K.L.:
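Please see the structure below; I have some questions.
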Amino acid sequence: MTEKLATTIDQQIQLLRDRGMTISDEDKAKKILMDKGYYRLGFYWFPFETTYPDKKTRSHKFKEGTEFADAVALYYFDSNLRTILAEYLYRIEINFRTNLIYNVSNHYKADPFWFSNLSIVKDKFLDSLDRNYSSIMKNDAIKIHHKHHKKDKYAPAWKTLEYMTFGEIIVLYNSLKDEDLRGEIATRYNVRNLKIMVRILENFKVLRNQCAHSHNIFDLHLKKSLDNGPITNMNGHNDDLVGCLFYIHYVVSSISKNRALDFKNRIKELVENESNEKIHYIIDYIKDFYQVLE
(Lines give C-alpha, C1' and ligand atoms only; values in the text may rest on other atoms or scores of the structure.)
Protein backbone atom coordinates (compact mmCIF):
# COMPACT_ATOMS: atom_id res chain seq x y z
CA MET A 1 0.00 0.00 0.00
CA THR A 2 1.23 3.52 -0.81
CA GLU A 3 2.86 5.49 1.99
CA LYS A 4 1.54 8.77 0.64
CA LEU A 5 -1.51 10.26 2.37
CA ALA A 6 -3.91 13.05 1.45
CA THR A 7 -2.83 16.52 2.57
CA THR A 8 -4.70 19.69 3.45
CA ILE A 9 -4.20 22.96 1.59
CA ASP A 10 -2.23 24.33 4.54
CA GLN A 11 0.04 21.29 4.46
CA GLN A 12 0.53 21.68 0.70
CA ILE A 13 1.50 25.34 1.14
CA GLN A 14 4.01 24.45 3.84
CA LEU A 15 5.45 21.60 1.79
CA LEU A 16 6.06 23.91 -1.18
CA ARG A 17 7.76 26.45 1.08
CA ASP A 18 9.91 23.74 2.69
CA ARG A 19 11.07 22.80 -0.80
CA GLY A 20 12.14 26.36 -1.58
CA MET A 21 9.15 27.93 -3.33
CA THR A 22 8.18 31.51 -2.53
CA ILE A 23 4.45 32.06 -1.96
CA SER A 24 3.89 35.77 -1.51
CA ASP A 25 0.06 35.75 -1.59
CA GLU A 26 -0.97 32.77 0.51
CA ASP A 27 -4.73 33.37 0.27
CA LYS A 28 -4.57 33.48 -3.52
CA ALA A 29 -2.37 30.37 -3.61
CA LYS A 30 -4.91 28.49 -1.48
CA LYS A 31 -7.72 29.43 -3.88
CA ILE A 32 -5.69 28.30 -6.87
CA LEU A 33 -4.79 24.99 -5.21
CA MET A 34 -8.46 24.37 -4.42
CA ASP A 35 -9.39 25.30 -8.00
CA LYS A 36 -6.65 23.51 -9.99
CA GLY A 37 -5.38 20.87 -7.58
CA TYR A 38 -1.92 20.21 -6.12
CA TYR A 39 -1.26 17.18 -8.33
CA ARG A 40 -2.21 18.93 -11.57
CA LEU A 41 -0.12 22.00 -10.75
CA GLY A 42 2.82 19.71 -10.00
CA PHE A 43 3.34 19.26 -13.74
CA TYR A 44 3.86 23.01 -14.00
CA TRP A 45 6.26 23.55 -11.12
CA PHE A 46 8.33 20.52 -12.12
CA PRO A 47 10.35 22.63 -14.66
CA PHE A 48 11.37 24.90 -11.76
CA GLU A 49 12.87 22.06 -9.73
CA THR A 50 16.64 21.65 -9.49
CA THR A 51 16.63 18.15 -11.00
CA TYR A 52 14.36 18.96 -13.99
CA PRO A 53 13.89 17.19 -16.39
CA ASP A 54 15.16 14.03 -14.64
CA LYS A 55 12.13 12.23 -13.18
CA LYS A 56 14.01 9.22 -11.81
CA THR A 57 16.09 11.21 -9.31
CA ARG A 58 13.58 14.00 -8.76
CA SER A 59 14.49 15.91 -5.59
CA HIS A 60 11.36 18.13 -5.51
CA LYS A 61 13.62 21.01 -4.43
CA PHE A 62 13.04 24.29 -6.26
CA LYS A 63 15.59 26.51 -7.94
CA GLU A 64 16.40 29.68 -6.08
CA GLY A 65 13.87 32.44 -6.78
CA THR A 66 11.03 30.14 -7.83
CA GLU A 67 7.62 31.61 -7.04
CA PHE A 68 4.22 29.96 -6.96
CA ALA A 69 3.10 32.55 -9.53
CA ASP A 70 5.64 31.15 -12.03
CA ALA A 71 4.02 27.71 -12.05
CA VAL A 72 0.59 29.32 -12.34
CA ALA A 73 1.77 31.41 -15.31
CA LEU A 74 3.00 28.25 -17.05
CA TYR A 75 -0.33 26.56 -16.28
CA TYR A 76 -2.33 29.34 -17.93
CA PHE A 77 0.04 29.50 -20.90
CA ASP A 78 -0.43 25.77 -21.40
CA SER A 79 -4.20 26.11 -21.03
CA ASN A 80 -4.34 28.85 -23.68
CA LEU A 81 -2.10 26.78 -25.97
CA ARG A 82 -4.44 23.78 -25.65
CA THR A 83 -7.41 25.98 -26.52
CA ILE A 84 -5.78 27.08 -29.76
CA LEU A 85 -4.64 23.60 -30.72
CA ALA A 86 -7.99 21.99 -29.93
CA GLU A 87 -9.73 24.31 -32.38
CA TYR A 88 -7.47 23.38 -35.30
CA LEU A 89 -7.26 19.68 -34.43
CA TYR A 90 -11.05 19.57 -34.41
CA ARG A 91 -11.06 21.24 -37.84
CA ILE A 92 -8.67 18.57 -39.15
CA GLU A 93 -10.68 15.74 -37.61
CA ILE A 94 -13.96 16.92 -39.16
CA ASN A 95 -12.33 17.46 -42.54
CA PHE A 96 -10.66 14.04 -42.56
CA ARG A 97 -13.84 12.31 -41.43
CA THR A 98 -15.79 14.07 -44.19
CA ASN A 99 -13.24 13.14 -46.86
CA LEU A 100 -13.24 9.51 -45.75
CA ILE A 101 -17.03 9.30 -45.82
CA TYR A 102 -17.35 11.10 -49.16
CA ASN A 103 -14.59 9.35 -51.09
CA VAL A 104 -15.19 5.80 -49.94
CA SER A 105 -19.00 6.04 -50.04
CA ASN A 106 -18.88 7.31 -53.60
CA HIS A 107 -16.31 4.70 -54.57
CA TYR A 108 -18.62 1.95 -53.30
CA LYS A 109 -21.96 3.52 -54.22
CA ALA A 110 -23.73 0.15 -54.26
CA ASP A 111 -22.86 -0.55 -50.63
CA PRO A 112 -23.86 2.17 -48.14
CA PHE A 113 -22.62 -0.12 -45.36
CA TRP A 114 -19.16 -0.56 -46.89
CA PHE A 115 -17.46 -0.17 -43.49
CA SER A 116 -18.84 -3.61 -42.53
CA ASN A 117 -17.86 -5.35 -45.79
CA LEU A 118 -14.98 -7.84 -45.45
CA SER A 119 -14.06 -7.41 -49.11
CA ILE A 120 -13.50 -3.69 -48.48
CA VAL A 121 -12.25 -3.48 -44.89
CA LYS A 122 -9.66 -5.58 -43.05
CA ASP A 123 -10.43 -7.82 -40.07
CA LYS A 124 -8.72 -5.44 -37.62
CA PHE A 125 -11.57 -2.98 -37.92
CA LEU A 126 -14.39 -5.50 -38.29
CA ASP A 127 -13.39 -7.44 -35.17
CA SER A 128 -14.43 -4.51 -32.97
CA LEU A 129 -17.22 -3.07 -35.15
CA ASP A 130 -20.19 -4.57 -33.31
CA ARG A 131 -18.80 -3.57 -29.93
CA ASN A 132 -18.18 -0.02 -31.12
CA TYR A 133 -21.55 0.15 -32.83
CA SER A 134 -23.31 -0.59 -29.56
CA SER A 135 -22.05 2.81 -28.37
CA ILE A 136 -22.95 4.50 -31.66
CA MET A 137 -26.49 3.14 -31.25
CA LYS A 138 -26.96 5.36 -28.20
CA ASN A 139 -27.10 8.48 -30.38
CA ASP A 140 -30.59 9.76 -31.15
CA ALA A 141 -30.00 10.10 -34.90
CA ILE A 142 -28.94 6.44 -35.12
CA LYS A 143 -31.88 5.34 -32.96
CA ILE A 144 -34.22 7.16 -35.35
CA HIS A 145 -32.62 5.45 -38.35
CA HIS A 146 -33.17 1.99 -36.90
CA LYS A 147 -36.70 2.90 -35.89
CA HIS A 148 -37.52 3.60 -39.54
CA HIS A 149 -35.24 0.93 -41.05
CA LYS A 150 -35.67 -2.07 -38.75
CA LYS A 151 -33.95 -4.51 -41.12
CA ASP A 152 -30.68 -2.57 -41.24
CA LYS A 153 -27.97 -3.94 -38.98
CA TYR A 154 -26.11 -0.64 -39.30
CA ALA A 155 -26.95 2.87 -40.41
CA PRO A 156 -25.30 4.00 -43.69
CA ALA A 157 -21.69 5.14 -43.59
CA TRP A 158 -22.52 8.87 -43.77
CA LYS A 159 -24.51 8.48 -40.54
CA THR A 160 -22.49 5.86 -38.68
CA LEU A 161 -19.05 7.39 -39.22
CA GLU A 162 -20.18 10.73 -37.82
CA TYR A 163 -20.44 9.05 -34.42
CA MET A 164 -17.19 7.09 -34.48
CA THR A 165 -14.32 8.32 -32.36
CA PHE A 166 -11.34 9.84 -34.12
CA GLY A 167 -9.35 6.75 -33.16
CA GLU A 168 -11.93 4.48 -34.81
CA ILE A 169 -11.88 6.65 -37.93
CA ILE A 170 -8.09 6.30 -38.14
CA VAL A 171 -8.29 2.51 -37.75
CA LEU A 172 -11.01 2.36 -40.42
CA TYR A 173 -8.93 4.43 -42.84
CA ASN A 174 -5.89 2.24 -42.24
CA SER A 175 -8.05 -0.89 -42.68
CA LEU A 176 -9.23 -0.04 -46.20
CA LYS A 177 -7.95 -2.77 -48.48
CA ASP A 178 -7.78 -0.50 -51.52
CA GLU A 179 -4.43 1.29 -51.16
CA ASP A 180 -5.17 3.54 -54.12
CA LEU A 181 -8.28 4.78 -52.36
CA ARG A 182 -6.32 5.42 -49.17
CA GLY A 183 -3.72 7.19 -51.25
CA GLU A 184 -6.37 9.38 -52.88
CA ILE A 185 -7.50 10.56 -49.44
CA ALA A 186 -3.94 11.13 -48.19
CA THR A 187 -3.08 13.12 -51.32
CA ARG A 188 -5.77 15.65 -50.38
CA TYR A 189 -3.45 16.55 -47.47
CA ASN A 190 -0.32 16.55 -49.64
CA VAL A 191 0.91 13.30 -48.09
CA ARG A 192 2.11 10.50 -50.39
CA ASN A 193 3.25 7.87 -47.92
CA LEU A 194 0.31 5.96 -46.40
CA LYS A 195 2.21 4.95 -43.26
CA ILE A 196 3.20 8.55 -42.66
CA MET A 197 -0.42 9.63 -43.13
CA VAL A 198 -1.50 7.26 -40.36
CA ARG A 199 1.43 8.32 -38.16
CA ILE A 200 0.40 11.98 -38.51
CA LEU A 201 -3.22 11.19 -37.67
CA GLU A 202 -2.26 9.06 -34.67
CA ASN A 203 -0.13 11.85 -33.25
CA PHE A 204 -2.95 14.31 -33.82
CA LYS A 205 -5.22 11.94 -31.88
CA VAL A 206 -2.75 11.85 -28.98
CA LEU A 207 -2.48 15.63 -28.88
CA ARG A 208 -6.23 16.07 -29.28
CA ASN A 209 -6.85 13.78 -26.31
CA GLN A 210 -4.27 15.65 -24.25
CA CYS A 211 -6.08 18.89 -25.02
CA ALA A 212 -9.52 17.43 -24.36
CA HIS A 213 -8.49 16.08 -20.95
CA SER A 214 -6.52 19.19 -19.93
CA HIS A 215 -3.16 17.43 -19.74
CA ASN A 216 0.03 19.47 -19.95
CA ILE A 217 1.39 19.77 -23.48
CA PHE A 218 4.20 22.34 -23.19
CA ASP A 219 6.65 19.44 -22.75
CA LEU A 220 4.90 16.91 -25.00
CA HIS A 221 7.01 14.04 -26.32
CA LEU A 222 5.60 11.72 -28.98
CA LYS A 223 6.04 7.96 -28.75
CA LYS A 224 5.87 7.74 -32.54
CA SER A 225 8.28 10.10 -34.26
CA LEU A 226 7.29 12.19 -37.28
CA ASP A 227 10.46 11.22 -39.18
CA ASN A 228 10.50 10.76 -42.96
CA GLY A 229 7.37 12.84 -43.56
CA PRO A 230 6.78 15.54 -46.17
CA ILE A 231 8.17 18.28 -43.88
CA THR A 232 11.95 18.23 -44.13
CA ASN A 233 12.89 21.40 -42.18
CA MET A 234 11.68 20.45 -38.69
CA ASN A 235 14.96 21.40 -36.99
CA GLY A 236 15.08 18.25 -34.89
CA HIS A 237 11.51 18.54 -33.61
CA ASN A 238 10.33 15.18 -34.95
CA ASP A 239 8.99 13.94 -31.64
CA ASP A 240 7.90 16.97 -29.63
CA LEU A 241 5.19 19.63 -29.54
CA VAL A 242 6.83 21.77 -32.22
CA GLY A 243 6.77 18.81 -34.60
CA CYS A 244 3.02 18.60 -34.06
CA LEU A 245 2.68 22.32 -34.68
CA PHE A 246 4.51 21.96 -38.01
CA TYR A 247 2.17 19.18 -39.09
CA ILE A 248 -1.00 20.89 -37.89
CA HIS A 249 0.03 23.90 -39.98
CA TYR A 250 0.90 21.65 -42.93
CA VAL A 251 -2.41 19.78 -42.91
CA VAL A 252 -4.52 22.86 -42.22
CA SER A 253 -2.76 24.53 -45.19
CA SER A 254 -4.27 21.85 -47.45
CA ILE A 255 -7.71 22.79 -46.10
CA SER A 256 -7.36 26.57 -45.93
CA LYS A 257 -4.26 28.73 -46.44
CA ASN A 258 -5.86 31.55 -44.46
CA ARG A 259 -6.63 29.31 -41.47
CA ALA A 260 -3.05 28.00 -41.51
CA LEU A 261 -1.76 31.59 -41.41
CA ASP A 262 -4.12 32.34 -38.53
CA PHE A 263 -2.81 29.30 -36.67
CA LYS A 264 0.82 30.37 -37.02
CA ASN A 265 0.03 33.93 -35.93
CA ARG A 266 -1.97 32.84 -32.90
CA ILE A 267 0.86 30.61 -31.67
CA LYS A 268 3.34 33.45 -32.22
CA GLU A 269 1.16 35.94 -30.38
CA LEU A 270 0.68 33.58 -27.43
CA VAL A 271 4.42 32.98 -27.00
CA GLU A 272 5.62 36.53 -27.56
CA ASN A 273 2.94 38.13 -25.38
CA GLU A 274 3.77 35.97 -22.36
CA SER A 275 4.70 38.46 -19.65
CA ASN A 276 6.29 36.10 -17.12
CA GLU A 277 9.96 36.10 -18.07
CA LYS A 278 10.77 33.08 -15.91
CA ILE A 279 8.76 30.68 -18.05
CA HIS A 280 10.35 31.76 -21.32
CA TYR A 281 13.24 29.34 -20.89
CA ILE A 282 10.58 26.60 -20.92
CA ILE A 283 8.44 27.83 -23.84
CA ASP A 284 10.87 29.69 -26.11
CA TYR A 285 11.62 26.52 -28.11
CA ILE A 286 8.13 26.94 -29.59
CA LYS A 287 9.50 29.93 -31.51
CA ASP A 288 11.23 27.43 -33.81
CA PHE A 289 7.81 26.69 -35.28
CA TYR A 290 6.83 30.12 -36.53
CA GLN A 291 10.34 31.44 -37.14
CA VAL A 292 10.96 28.66 -39.68
CA LEU A 293 7.77 29.65 -41.49
CA GLU A 294 8.64 33.36 -41.66
Side-chain angles (χ1 to χ4, degrees), residues 85-130 132-133 135-146 148-149 151-209 212 229-230 247-260 262-263:
L85 266 55
E87 177 183 334
Y88 290 90
L89 288 167
Y90 182 68
R91 178 74 181 269
I92 291 169
E93 177 185 344
I94 293 297
N95 187 274
F96 185 81
R97 188 187 301 266
T98 300
N99 271 305
L100 178 66
I101 294 170
Y102 179 83
N103 284 281
V104 185
S105 296
N106 277 282
H107 189 81
Y108 298 108
K109 279 182 178 291
D111 187 357
F113 315 105
W114 55 263
F115 58 88
S116 64
N117 190 330
L118 184 58
S119 66
I120 298 172
V121 180
K122 298 175 185 177
D123 289 342
K124 182 178 181 179
F125 178 80
L126 296 178
D127 287 345
S128 59
L129 176 59
D130 286 345
N132 293 336
Y133 197 77
S135 296
I136 293 171
M137 280 276 289
K138 296 176 182 178
N139 292 281
D140 288 343
I142 303 300
K143 289 179 181 178
I144 292 171
H145 174 86
H146 287 289
H148 295 294
H149 305 276
K151 293 183 179 180
D152 287 356
K153 184 177 181 181
Y154 308 107
W158 48 90
K159 294 182 181 180
T160 297
L161 270 63
E162 283 292 342
Y163 297 98
M164 287 183 181
T165 67
F166 191 30
E168 289 164 359
I169 288 292
I170 296 170
V171 173
L172 175 56
Y173 167 74
N174 200 33
S175 297
L176 292 172
K177 291 184 175 180
D178 189 332
E179 288 197 2
D180 290 338
L181 186 54
R182 276 192 285 144
E184 182 181 337
I185 295 169
T187 301
R188 292 178 179 272
Y189 303 100
N190 298 312
V191 179
R192 309 294 176 184
N193 186 304
L194 299 183
K195 290 183 178 179
I196 293 296
M197 184 74 244
V198 173
R199 176 69 56 85
I200 293 169
L201 292 172
E202 287 177 339
N203 280 318
F204 284 172
K205 182 191 71 173
V206 169
L207 184 54
R208 174 192 177 280
N209 290 343
Y247 270 96
I248 291 171
H249 181 269
Y250 184 84
V251 173
V252 171
S253 292
S254 69
I255 301 170
S256 168
K257 297 290 186 183
N258 287 335
R259 295 292 76 76
D262 289 343
F263 174 69

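Counting from 1, the numbers follow the sequence of the chain as shown. None of these values were measured; they are calculated from a predicted model. Basis for what follows: all heavy atoms, side chains included, without hydrogens, waters or symmetry-related copies.
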K.L.:
Regarding Asp152 and His145, do their side chains bring together a donor and an acceptor under 3.5 Å, going by distance alone?
P.N.:
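His145 and Asp152 do have a side-chain donor-acceptor pair below 3.5 Å.
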
K.L.:
Show the numbers, then the answer: is there a ring pair (Phe, Tyr, Trp, His ring centres under 6.0 Å) between Phe125 and Phe115?
P.N.:
CA-CA 9 Å; Phe125 178 80; Phe115 58 88; 7.2 Å; no

K.L.:
Is the backbone of Phe113 close enough, under 3.5 Å, to the side chain of Ser116 for a donor and an acceptor to pair up by distance?
P.N.:
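Yes: the side chain of Ser116 pairs with the backbone of Phe113.
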
K.L.:
With a 4.5 Å cut-off on side-chain heavy atoms, are Tyr163 and Ser135 touching?
P.N.:
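Not touching, per the 4.5 Å side-chain cut-off.
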
K.L.:
Give, for atom CZ of Arg97 and atom CE of Met164, the distance between the pair rounded to the nearest 0.5 Å.
P.N.:
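Nearest 0.5 Å value for the CZ-CE distance: 9.0 Å.
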
K.L.:
Look at atom NZ of Lys124 and say whether more than 12 heavy atoms of other residues, nucleotides or ligands are closer to it than 6.0 Å.
P.N.:
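Result for NZ/Lys124: open.
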
K.L.:
More than 12 non-hydrogen atoms from neighbouring residues, nucleotides or ligands closer than 6.0 Å to NZ on Lys122, yes or no?
P.N.:
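Yes - once you tally the heavy atoms of other residues, nucleotides and ligands closer than 6.0 Å, there are more than 12.
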
K.L.:
Let me confirm one number: the CD-OG1 distance from Glu168 to Thr165, rounded to the nearest 0.5 Å.
P.N.:
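With rounding to 0.5 Å, CD (Glu168) is 3.5 Å from OG1 (Thr165).
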
K.L.:
Without swapping roles, check the side chain of Lys177 against the backbone of Leu118 for a donor-acceptor pair under 3.5 Å.
P.N.:
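Pair found, side chain donor or acceptor close to backbone of Leu118.
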
K.L.:
Given 3.5 Å as the limit, does a donor-acceptor pair link the side chain of Asn95 with the main chain of Arg91, or not?
P.N.:
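Not a single qualifying donor-acceptor pair exists.
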
K.L.:
Does any N or O in the side chain of Asp178 come within less than 3.5 Å of the main-chain N or O of Leu181, such that one atom is a donor and the other an acceptor?
P.N.:
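Flag set: sc Asp178 to bb Leu181 pair under 3.5 Å.
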
K.L.:
Taking it one step at a time, do Phe263 and Tyr88 satisfy ring pair (Phe, Tyr, Trp, His ring centres under 6.0 Å)?
P.N.:
CA-CA 8 Å; Phe263 174 69; Tyr88 290 90; 4.9 Å; yes

K.L.:
Going by distance alone, is a donor N or O of one side chain under 3.5 Å from an acceptor N or O of the other, for Tyr189 and Asn99?
P.N.:
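On atom types as modelled, these side chains qualify, holding a pair under 3.5 Å.
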
K.L.:
Donor-acceptor check, side chain of Tyr173 to backbone of Arg182, threshold 3.5 angstrom: yes or no?
P.N.:
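Yes; judged by distance alone, with no hydrogens or angles, the pair exists.
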
K.L.:
Side chain of Ser105, backbone of Tyr102: donor and acceptor closer than 3.5 Å?
P.N.:
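It does not hold such a pair.
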
